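Let me begin by presenting the structure, written as structure tokens, before commenting on it.
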4 protein chains.
Amino acid sequence: MPRTPQENERIRQLAKKNILEAGMKLFINKGYHATSISNIAEQAGISKGLLYNYFKGKEEILATMVETRVGEIMDVMNQAKEIESPVEQLKHIIEGAIDNVFENPEVFRFYLHLQTQPEADHELIKYSRFLIRENARQFEFQCEIFEKLGAMEARKRSLYFSSTLQGIMLMISTYPDKFPIEEIKKQIVDEFCH
Amino acid sequence: MPRTPQENERIRQLAKKNILEAGMKLFINKGYHATSISNIAEQAGISKGLLYNYFKGKEEILATMVETRVGEIMDVMNQAKEIESPVEQLKHIIEGAIDNVFENPEVFRFYLHLQTQPEADHELIKYSRFLIRENARQFEFQCEIFEKLGAMEARKRSLYFSSTLQGIMLMISTYPDKFPIEEIKKQIVDEFCH
Amino acid sequence: MPRTPQENERIRQLAKKNILEAGMKLFINKGYHATSISNIAEQAGISKGLLYNYFKGKEEILATMVETRVGEIMDVMNQAKEIESPVEQLKHIIEGAIDNVFENPEVFRFYLHLQTQPEADHELIKYSRFLIRENARQFEFQCEIFEKLGAMEARKRSLYFSSTLQGIMLMISTYPDKFPIEEIKKQIVDEFCH
Amino acid sequence: MPRTPQENERIRQLAKKNILEAGMKLFINKGYHATSISNIAEQAGISKGLLYNYFKGKEEILATMVETRVGEIMDVMNQAKEIESPVEQLKHIIEGAIDNVFENPEVFRFYLHLQTQPEADHELIKYSRFLIRENARQFEFQCEIFEKLGAMEARKRSLYFSSTLQGIMLMISTYPDKFPIEEIKKQIVDEFCH
DNA sequence: CATGAATGAGTTTTCATTCAT
DNA sequence: AATGAATGAAAACTCATTCAT
């Protein structure tokens, strides 16, 4: 009795998820270039040949990871859009961003690494650009919040806010052990949320 | 007649400098892993064999670059130490850091990329750690400034300051075209230098 | 449909055997250092890449050859142990050793060449030591035979016997054409087997 | 005041001797293939360029070494020829050979290694052949001694004698520490010198 | 769907040898 | 006579990708 097409598709998705998780683990741990297709197949517990059945190559695995990442960021932004008060919106963004980095500093570190990819790495630069573009969209949204807050020169204030928040995330991912996140959250909230 | 040792030493220094410049250019442009020894030799206009006469391999070229970089950072810090007023010290650090990134955003980007290297890249992680350790030393020095400024909880205030400054540098290196550096400098100075 | 694991294992064994034979032929003919991985792959009729699928490198090919060789020597020794009379044991050892060298003088020559490897050739000295250790075990066994024969100072007599036998093997491998092996066998048997 | 041609030649000979000694030391220790021209120049305390002033290359250094070696062997043979009694001639050969190996086992080992060079190592096989040819001449001389001793089938007896002596030398060079040379000398003298 | 044997291009590295000084 | 910078060919080794089964 053959499987239904739906069932087949479900199995396919599970297999892809397995590969993606193996890839993520290795990319984060060893880096993209240092991870070979063989490594990923081994980590996923499948053969190299089968891996090519699901992904065109190493790059497509990364592409899928980046898309997922960007989706998650957009989800947080969309949640924030549901909130009425601009002050609460900002707090939600701050909390979401800082907690997320604190829980998985190595994930943030990986995407920051990807984002700072050299311009001429033709294989990876598109993902760097994709992440940067997404950051810019975030920034636009934050601009609107600062406008609603009635800030003079909302754009510049928002730029300064983004810098501060990005800086905190960078510091947490670099020194996750020693970082007093609650104290720092308090300082950024005090400075910007009023 | 053989060349004098001095003459040879001069040739060696010139050749090393040439190789380092070629390496820097390519590392910044294509990235460390994507740059081959052949690339560097070609860019430097010499043979592969000669390159090995001067550097044990690609890694030693990077090591030399990182040491030079850390030396430059320490120079700025030492300059700041010469200044009496803590407010002026902070301003000097802010100016120095932001102007430096603005003038060579791709250099900062390269070292940030290196700093966010995955933990298990055995070849590069030592340079990542070296840069992070140097950052920590910077931070300790800034702590002292905030203590002199009489800040309550100087350590936390300094941490927040470092985050903001790092964030600005990250943003400049990501969007060098659109960044109103003077405006942003004004905001960070207003916030911390009083 | 994938091949069965058994089928794959069979292919692997055949391929390994093929590579080992190619390697042996070239090592014996050109020597270890003068033989490149490319040479071996070409001789075996496969690509360089595939060769690395089966052996970590040139050294592992040699290691496998040496292990096989030592196994063969041990087999002869174990056969001799089955024999009752010490005189017949000695004769069996003499016959086995001399006939073996006479049939494949270049193989003996190769292993003697390996055995005389300089001490500081870090890559090869372990195989030299391995062969020498195996020779020493042979010697211990021969000592026992001379004890059973009731020789005074069996150890020294056995040492002299070993020297003579080794010397004959060396001479055969050096002048295989002209060597009257039966006459020489007679002389060594007359001297030691009574 | 320019040097006399004789003086120049003397200096040249000293320089060559220095290089040869450096080469010998390294060849014996690391082996011919593992020793580079740079190594030899460094060991001799001169530059690579100067080395080429004295020798065409690595091979010529080896060639000179081998010639010297063969000369030494011939000297011993010629000394023996001066002796009247064939028994004393044999004893002299035995003593000379065994003592020489015992004093410098690694030198004998090196030349045996060279002598067992694979046939197709075009660079080295000629030295192997040269050493073997010299051995053959030795053998011819020993034949004469056995004839004078009145041995039946002097040729075969001499072959057996050569084998024994070569075997002892091989054993000494392999186990120099444990070898009771006087006892072994006694055995070979007892067997052949009467 | 699934395997892993097989390929070959690309990379790092070494070294004998040349040559300007 | 003397130096060591410079070259280039050849070696070991890696890995993404293909394909017969």
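Quick note: numbers below take in every heavy atom, side chains included, and nothing from hydrogens, waters or symmetry partners. To find a chain, count down the sequence lines: A is the first, B the second, and so on, and within it residues start at 1. Not measured: the values here are computed from a predicted model.
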Checking N1-N3 plus N6-O4 or O6-N4 for Watson-Crick, or N1-O2 and O6-N3 for wobble, each under 3.5 Å, the partner of dA16(F) is dT7(E)
Watson-Crick or G-U wobble partner for dT21(E), using a 3.5 Å limit on both distances?
->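 Looking at the geometry, dT21(E) pairs with dA2(F).
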Leu50(D) side-chain proximity, nearest of dA2(F), dA12(F), dT17(E) |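 Ranking dA2(F), dA12(F), dT17(E) by closest atom to the Leu50(D) side chain puts dA2(F) first.
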Ranking dC1(E), dA1(F), dT7(F) by distance to the side chain of Ile46(B), first place goes to dT7(F)
How is [X] classified with respect to the nucleic acid when contacts are heavy atoms under 4.0 Å: base, sugar-phosphate, or nothing?
X: Ile11(B); result: sugar-phosphate
X: Gly57(A); result: sugar-phosphate
X: Arg12(A); result: sugar-phosphate
X: Asn53(B); result: base

Can Glu7(D) and Arg10(D) be counted as an ion pair, charged N to O under 4.0 angstrom?
->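 So Glu7(D) pairs with Arg10(D) through a salt bridge.
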Is any side-chain N or O of Tyr54(C) closer than 4.0 Å to OP1 or OP2 of dA6(E)?
-> yes
Looking at CD of Gln43(B) and NZ of Lys30(B), how far apart are the two atoms once the value is rounded to the nearest 0.5 Å?
->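 If I round to the nearest 0.5 Å, the distance is 9.5 Å.
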Closest-nucleotide 5' rank along DNA chain E - winner of Ser36(D) and Leu51(A) | Leu51(A)
Check: dT17(E) base within 3.5 Å donor-acceptor of Lys48(D) side chain | yes
